[in-house]
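Right, one structure below, let's go through it.
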Amino acid sequence: MIDLNPQQLDAVQHKNGPLLVFAGAGSGKTRVIVARIAYLIKNHAIPAYNILAVTFTNKAASEMKERIGQILDPDVARQVSIGTFHAICARILRMEHDHFGLSSTFTISDESEQLARVKRAIEALNISTDRVDPKSTCEWISRMKNRFIPPENLIESAGFNIHQKWMAEVFIEYERQLKNDHAVDFDDLIIKVVQLLEENLSVRDKLQDRFRYIMIDEYQDTNHAQYRLVKLLASRYRNIMAVGDDDQSIYGWRGAEVSNILSFSSDFSGVKTIKLEQNYRSTQTILAAASALMTHNANRTPKTLWTTNPPGEKIHVNLVENERAEARVILDSIQSIIRKSNRKLADFAIFYRINSQSRVFEEVFMEARVPYRIVGNIGFFKRKEIKDLLSYIRLILNPKDSSACLRVINNPRRGIGDNTQSQISRFKDEHNIDLFSAIEQMIDEQILKDHKLEKVNRFMQMIHDLIRKSRETSVAEFMDFLIERSGYRAQFDNVNTDEATASIEIIDEFLQLCYDYSERTHGNLNDFADYLSLYDENADRSTKDSTSLDTISLMTLHNSKGLEFPFVFICGVENGLIPLIRSGDLLGPKEMEEERRLLYVGLTRARERLFLSITRQRRMYGNIRESEVSSFIREIPAEHINYQAGEVHRGDSVRIPAPHANRISAETKPIVTHPTSEAEFRKGDRVRHSLYGNGLVLDFKGTGINAKITISFDRVGIKKLVLGPARLIRLN
DNA sequence: CGGTGTCTGTTTTTT
DNA sequence: ACAGACACCG
């Protein structure tokens, strides 16, 4: 237990009873959790098996696993249960599936499938989408589920609220569909376990006894269902440690309830509360500025962050002409810092409020041939191709999953169109069976017309082939087979469009992932499906990238949580963006406070220097708007700020007059870059791809991010890629 | 059945 | 600006 401050030590040595740790930004909370786990095992001889650590992201979970593995005997470390709420609940659900009336092969539906189901439910009920919007209904259902409000109650309480009544009926139909498909959604993972614990004494005893010591990270982000779960699991031994920071609660819009951390003391009697207030990350200036900002929030527990770090430099606030200038000024600053001091690109991060802001950075960085990466990008798992392939897997594992079946049946095109599909669906509903069985029966009874029967029959043959193959071979080989046998890849083969090329690349990338998975875990297809549903690439892929690749990091403020960088640029610190206001309507005080916390999170990621930038005008949703300095800037004491280009007016009038727009450096002076619009890469260049590794450029066609590049990779052979998504990094 | 035009609504998103 | 969803027509 070396190197812990008194408060940290206090938390680490706490043995029994509830413990609440307010862990300010950069106060070493992961260290504390990890150290406490080790301490319990080593000094109190608590079996590792009895310890549960819950995180919010897979990334946090794998980090914690790794750090525990470093201080404990690996065999012992492995026995500690570490995972996200969802992963842990999925495991419990698989183990106890017989209590839920689910087969052990139930599938986990992701968000997009959830929406598809809601749409189908609306359709099935013959409600017009003018009356209930699928997306908001989907969100509403999720909120209701997480609060354990059954749809029947909602119908009762609807009264004259006909809209609620409709949504509640959709809710019922949605649940019916899930049950029919032997599927669960993300919310179900948690709430089904809660219900089981509430209803089944023996399971409750078993799990309470198993998890005698529980630690929850990021407790401020728990929602109601997760809170109930925690309470149930911990109620017997009451050895619960909640760690969090109410000032970093930025997921309120998603159902996270800060009140969970604020009322922890009244939920568990005899709570010991510890505040970790020493910050090890940032300079005094950064910390003072961030703290000052937070004093403007009314609803929080007061805390005083302090540091022994040097005062550091003032925060630079840059006024620039527009978002393109913003990107270039930032790149300019980065390059100039690198030139002057011994820094790498990986020391720099750029944060923005909304994803679309990344675009101009991508363009500018691409032109300047500066390697960058986008952290936590919508990415891979939301790609159509991946969702399609995942649906195949789901159907193969669980033929009852009609949702997966529907997604796959005419994809790629097999001539089974809407008409045939609804004919099958009708048959399914009439006989109250699942889609797959419906098709089988219709084939048996020759219900379809000959030409349709032929097509449907061929589809079924294929699925049976796939099911057979899935039992005989590894995940990787199976996926290889699937992609060929289903014709999924062939549909793109002779199409010479950028989209098709990109699709093939995604498929290849996915295959690579399958091979990696097979090699690493030897898991079966069922494990793989869980892995794909619950885990995302950020867990293992980008952690490796971030340490091995020297690139500038770009991300949303939300995605910056939990990270740190020596140099941080936050762009678009303008009213309407930070805080974000969409289409006119004003922000309530609650929303305003969350936006303020979001900026706080961003500010506190910086170790040495902070740069904020503001444009004079910004293009948004197609039209150009005059910008206003964010009112949050005024909440940071002037002594901590150094204004860069032009004058930023701090008074009540926040309109930027843009007096010296043409003095702004990046607008007038070109960046150190290769000014021609020539090929970004040439034949013979050595490049690195995040997945395929290093390779040699064989050919390069076109310009800009849509250029096509052919590379011979050392490890995986020749691939044709589209430059944009390929995110190549030049090596020589 | 499947391709092509038009209309829409645009935050953040650990799972 | 622009992608994605939907309607319409060949």
Side-chain angles (χ1 to χ4, degrees), chain A residues 54-63 83-90 108-112 114-116 119 129 133-136 139 142 146 184-190 217-218 220-223 225-226 248-256 323 351-360 375-379 381-382 384 410-421 451-452 455 491 499 530-539 555-563 572 576-583 585 587 591 594-595 597-599 601-602 618-624:
Chain A
V54 187
T55 63
F56 266 82
T57 63
N58 296 297
K59 199 172 155 200
S62 44
E63 255 167 47
T84 62
F85 273 106
H86 296 268
I88 284 163
C89 287
I108 302 167
S109 306
D110 61 28
E111 223 168 64
S112 67
Q114 206 172 335
L115 186 62
K119 279 183 186 164
T129 46
D133 168 63
K135 214 173 146 203
S136 51
E139 286 158 7
S142 175
N146 275 304
V184 298
D185 62 22
F186 282 141
D187 302 320
D188 283 329
L189 292 174
I190 317 279
D217 195 10
E218 309 279 17
Q220 78 281 356
D221 287 338
T222 47
N223 66 25
Q226 290 160 342
Q248 292 185 65
S249 157
I250 54 175
Y251 288 104
W253 51 274
R254 246 178 134 238
E323 63 271 18
F351 303 157
Y352 36 79
R353 179 61 233 261
I354 58 178
N355 283 120
S356 60
Q357 285 175 268
S358 74
R359 211 182 150 131
V360 62
V375 173
N377 207 15
I378 3 93
F381 284 87
K382 286 205 174 134
K384 186 182 165 300
N410 197 34
N411 180 6
R413 305 262 134 90
R414 297 188 176 88
I416 306 172
D418 290 348
N419 276 333
T420 319
Q421 284 178 41
H451 65 285
K452 286 182 181 171
K455 286 167 178 162
Q491 69 180 315
E499 286 95 331
D530 276 359
Y531 171 80
L532 291 179
S533 307
L534 295 175
Y535 292 57
D536 70 333
E537 75 251 61
N538 291 326
M555 69 196 82
T556 60
L557 284 162
H558 283 90
N559 273 319
S560 76
K561 193 164 133 189
L563 304 175
L577 210 48
I578 304 174
L580 184 77
I581 299 160
R582 53 167 187 171
S583 57
D585 49 15
L587 249 43
E591 287 82 15
E594 184 152 313
E595 293 290 317
R597 289 194 293 265
L598 187 56
L599 179 59
V601 166
R618 178 179 295 275
R619 194 177 206 104
M620 239 183 142
Y621 307 138
N623 34 21
I624 294 167

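Each chain gets a letter, A, B and so on, in the order the sequences are listed, and its residues count up from 1. In this text the structure is predicted, and so the values were computed from the model without any measurement.
Computed from coordinates, the A:Asp530 CG to B:dT15 P distance equals 14 Å when rounded to whole Å. As a whole-Å value, the separation of A:Glu139 CD from B:dT10 P is 10 Å. One atom, CG of A:Asn411, and another, P of B:dG2, lie 11 Å apart when rounded to the nearest Å. Atom pair A:Ile416:CD1 and B:dG2:P shows a separation of 10 Å (rounding to whole Å applied). B:dT10 atom C1' lies 16 Å from atom CD1 of A:Ile581, rounded to whole Å. Here B:dT13 presents its C1' atom at 14 Å from CD of A:Glu218, a figure rounded to the nearest Å. If you take CZ of A:Phe186 and C1' of B:dT15, they are 5 Å apart, rounded to a whole angstrom. Summarising the geometry, the separation between CZ on A:Arg353 and C1' on B:dT10 is reported as 14 Å, rounded to the nearest angstrom.
Among the atoms of the strands shown, only primed sugar atoms or phosphate atoms (P, OP1, OP2) are found under 4.0 Å from some heavy atom of A:Ile354. Contact annotation for A:Leu189: no contact, since no heavy-atom pair falls under 4.0 Å across all strands. At a threshold of 4.0 angstrom between heavy atoms, the contacts of A:Asn410 are confined to the sugar-phosphate backbone, with no base atom among them.
For A:Thr420, the listed nucleotide lying nearest its side chain is B:dC1; candidates were B:dT11, B:dC1, B:dG3. When the nucleotides B:dT11, B:dG2, B:dT13 are ranked by their closest atom to the side chain of A:Asn355, B:dT13 comes out on top. When distances run from any side-chain atom of A:Thr57 to the nucleotides C:dA1, B:dT15, B:dG3, the shortest one goes to B:dT15. Nearest to the side chain of A:Asn419, among B:dT12, B:dC1, B:dT15, sits B:dC1. Nearest nucleotide to the A:Tyr621 side chain, out of B:dT12, B:dT10, B:dT15: B:dT10.
When side chains are defined from C-beta on, A:His86 counts as touching A:Gln226, because their heavy atoms get closer than 4.5 Å. Using a 4.5 Å heavy-atom threshold, the side chains of A:Glu591 and A:Leu580 count as separate. Taking the side chain as every heavy atom from C-beta outward, A:Val54 and A:Ile88 approach each other to under 4.5 Å. Side-chain atoms of A:Arg618 and A:Ile624, non-hydrogen and from C-beta on, never get closer than 4.5 Å to each other.
Residue A:Thr556 has no polar side-chain atom (N or O) positioned under 4.0 Å from OP1 or OP2 of B:dT11. Checking the phosphate oxygens (OP1, OP2) of B:dT12, no side-chain nitrogen or oxygen of A:Asn559 falls inside 4.0 Å. The shortest distance between the side-chain N/O atoms of A:Tyr251 and the OP1/OP2 oxygens of B:dT11 is not below 4.0 Å. The shortest distance between the side-chain N/O atoms of A:Arg359 and the OP1/OP2 oxygens of C:dA1 is not below 4.0 Å. For B:dC1, neither phosphate oxygen OP1 nor OP2 lies less than 4.0 angstrom from any side-chain nitrogen or oxygen of A:Arg413.
With respect to the salt-bridge test (charged N to carboxylate O, under 4.0 angstrom), the residues A:Lys561 and A:Glu218 qualify.
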Does the salt bridge (charged side-chain N to carboxylate O under 4.0 Å, His left out) test come out yes or no for A:Glu595 and A:Arg353, once each step is laid out? CA-CA 10 Å; A:Glu595 293 290 317; A:Arg353 179 61 233 261; 2.6 Å; yes
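The residue among A:Glu594 and A:His86 whose nearest nucleotide of DNA chain B lies closer to the 5′ end is A:Glu594. The residue among A:His558 and A:Gln421 whose nearest nucleotide of DNA chain B is located toward the 5' end is A:Gln421.
Once the 5.5 Å centre distance and the 30° plane angle are applied, the aromatic ring of A:Trp253 is found stacked with the base of B:dT12.
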